[in-house]
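Worksheet: one structure, shown below.
Values reported hereafter were calculated over all heavy atoms of this structure, with side chains retained and with hydrogens, waters and symmetry mates removed. Just so you know, ligand 1 is whichever comes first in the structure, and atom 1 is the first atom listed for that ligand.
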Amino acid sequence: MSVAMPEYHFCELRQDDIDRVLKIEQQVYAHPWTRGNFADSLNAGHEICGLCDAQQDLLGYFLAMTILDEVHLLNLAVAAERQGQGLARMLMDQLCAYAREQKATSILLEVRVRNTRAIQVYQHYGFAEIGRRKAYYPAEENTREDAIVMRMTL
Ligand SMILES: CC(C)(COP(=O)(O)OP(=O)(O)OC[C@H]1O[C@@H](n2cnc3c(N)ncnc32)[C@H](O)[C@@H]1OP(=O)(O)O)[C@@H](O)C(=O)NCCC(=O)NCCS
């Protein structure tokens, strides 16, 4: 008799999952976080949540940090070959559930001004621009790129 497995599930990621996370990170970002960035984030107690399929393959993840009544989304990524299937939306739903558990009243994030796909996903989810940070991100050929700061009230 076969038992039906849920197609996706969330899992808490640990130090020994960093290789799996880096595989996606380096695939989808021109300026990826380093192993040290992820290790520091884990050591700091940030929330690192993975989305896996029934075979335990990692499909995406988010990292978030709680400061008082605000949750800050630090990173969100979906494996390149699994994008456009609603997985970011599933991760955002899980982020909202985490933020509510933390009794947060809003979620904040920064996104590159040129990351139109991510901006669109966030806008459709209910985030709105509340400001800009000049030259916040490193960009190609030693230039810098502005960040849009977005917030969603819970
Ligand atoms: C930005 C990113 C996380 C979006 O991931 P994604 O999984 O492709 O996003 P989703 O598919 O969940 O996007 C949701 C969209 O898919 C649609 N969708 C939902 N279910 C779907 C399905 N079964 N099939 C196709 N589309 C679907 C939703 O309607 C939604 O559309 P909308 O954006 O018009 O509202 C992804 O492109 C990525 O990892 N980019 C690189 C890293 C990055 O830039 N991260 C953000 C840093 S701030």
Side-chain angles (χ1 to χ4, degrees), residues 4-13 17-42 44 46-67 70-100 102 104 106-141 143-154:
M5 293 282 290
E7 198 179 350
Y8 304 114
H9 60 276
F10 294 103
C11 53
E12 199 185 323
L13 298 174
D17 294 307
I18 292 180
D19 279 345
R20 298 202 295 155
V21 170
L22 279 175
K23 211 171 142 204
I24 297 178
E25 180 77 12
Q26 291 167 355
Q27 181 192 36
V28 302
Y29 283 112
H31 298 272
W33 279 28
T34 63
R35 176 181 300 280
N37 294 144
F38 284 105
D40 288 349
S41 204
L42 270 167
H46 299 159
E47 174 74 3
I48 306 192
C49 175
L51 178 65
C52 291
D53 63 14
Q55 288 73 42
Q56 306 302 328
D57 288 331
L58 185 66
L59 310 177
Y61 49 85
F62 73 77
L63 285 86
M65 165 178 83
T66 305
I67 302 177
E70 288 174 352
V71 163
H72 291 237
L73 178 61
L74 303 174
N75 195 334
L76 170 81
V78 171
E81 68 279 9
R82 300 306 296 265
Q83 291 181 10
Q85 299 172 7
L87 299 187
R89 192 163 267 272
M90 287 176 67
L91 284 160
M92 299 294 286
D93 286 346
Q94 186 70 4
L95 172 70
C96 286
Y98 165 76
R100 290 201 172 92
Q102 299 296 302
S106 61
I107 303 176
L108 277 107
L109 62 85
E110 279 111 10
V111 57
R112 288 175 184 266
V113 286
R114 281 179 286 178
N115 193 347
T116 46
R117 172 67 184 142
I119 293 167
Q120 190 187 46
V121 168
Y122 295 139
Q123 278 174 342
H124 289 179
Y125 203 84
F127 283 81
E129 177 172 341
I130 56 163
R132 299 224 170 187
R133 297 195 204 283
K134 275 292 217 203
Y136 187 71
Y137 293 109
E140 68 281 353
E141 291 168 7
T143 58
R144 308 285 300 180
E145 184 172 352
D146 294 352
I148 298 178
V149 185
M150 304 183 89
R151 181 170 63 198
M152 187 180 79
T153 306
L154 291 169

### Query
Between D53 (side chain) and Y8 (backbone), is there a donor-acceptor pair under 3.5 Å?
no
### Message
With a 4.5 Å cut-off on side-chain heavy atoms, are V113 and R132 touching?
### Response
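A side-chain contact under 4.5 Å exists here.
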### Side chain proximity check, L58 to L13, heavy atoms < 4.5 angstrom
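Yes, side chains in contact.
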Could you find the nearest protein heavy atom to [atom] and give me its residue, atom name and distance?
{"atom": "atom 7 (O) of ligand 1", "result": "A88 N, 3.1 Å"}
{"atom": "atom 47 (C) of ligand 1", "result": "Y29 OH, 3.3 Å"}
{"atom": "atom 40 (N) of ligand 1", "result": "Q83 NE2, 3.7 Å"}
{"atom": "atom 39 (O) of ligand 1", "result": "V78 N, 2.9 Å"}
{"atom": "atom 30 (C) of ligand 1", "result": "R89 NE, 4.0 Å"}
{"atom": "atom 32 (P) of ligand 1", "result": "H124 ND1, 3.0 Å"}
{"atom": "atom 19 (C) of ligand 1", "result": "G86 CA, 3.4 Å"}
{"atom": "atom 24 (N) of ligand 1", "result": "G84 O, 3.2 Å"}

Taking only heavy atoms of [X] into account, list the atoms of ligand 1 that are under 4.0 Å away from them.
{"X": "V28", "result": "41 (C), 42 (C)"}
{"X": "A118", "result": "1 (C), 46 (C)"}
{"X": "E110", "result": "48 (S)"}
{"X": "V111", "result": "48 (S)"}

### Query
Run the side chain to side chain contact (heavy atoms under 4.5 Å, CB included) check on M65 and E70 step by step: do they pass?
CA-CA 8 Å; M65 165 178 83; E70 288 174 352; over 6 Å; no
Are any of the N/O atoms on [X], whether in the backbone or the side chain, positioned under 3.5 angstrom from an N/O atom of ligand 1?
{"X": "A77", "result": "no"}
{"X": "R82", "result": "no"}
{"X": "V121", "result": "no"}

### Under-4.0 Å heavy-atom contact between protein and atom 17 (C) of ligand 1
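So far as the 4.0 Å threshold goes, atom 17 (C) of ligand 1 is out of reach of every protein heavy atom.
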Side chains of residues 88-96: which donor-acceptor pairs under 3.5 Å do they make with residues two or more places apart or in other chains?
{"residue": "D93", "atom": "OD1", "partner": "Y125", "partner atom": "OH", "Å": "2.4"}

Side chains of residues 147-154: which donor-acceptor pairs under 3.5 Å do they make with residues two or more places apart or in other chains?
none

### Query
Quick one: does Y125 get a heavy atom under 4.0 Å from ligand 1?
no
### Message
Using the rule given for side chain to side chain contact (heavy atoms under 4.5 Å, CB included), can you reason through R117 versus Q120, listing the C-alpha separation, both sets of side-chain angles and the distance that settles it, and then say yes or no?
### Response
CA-CA 5 Å; R117 172 67 184 142; Q120 190 187 46; 3.3 Å; yes
### Query
If hydrogens are left out, which of Q27, Q120, R117 has an atom nearest to atom 15 (C) of ligand 1, that is, the closest non-hydrogen atom?
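Among Q27, Q120, R117, the closest heavy atom to atom 15 (C) of ligand 1 belongs to R117.
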### Message
Could you check whether R35 pairs with D19 (Lys NZ or Arg NE/NH1/NH2 to Asp/Glu carboxylate O, under 4.0 Å)?
### Response
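A salt bridge is present here (some side-chain N lies under 4.0 Å from a carboxylate O).
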### Query
Under a 4.0 Å heavy-atom limit, does L109 contact ligand 1 with its side chain, its backbone, both, or neither?
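It is neither part, as no heavy atom is under 4.0 Å.
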### Task
If the plane angle is over 60° it's perpendicular, under 30° parallel, otherwise tilted; pick one for W33 and F38.
tilted
### Message
For E25 and Y61: C-alpha separation, side-chain torsions, deciding distance, then whether side chain to side chain contact (heavy atoms under 4.5 Å, CB included) applies.
### Response
CA-CA 9 Å; E25 180 77 12; Y61 49 85; 2.6 Å; yes
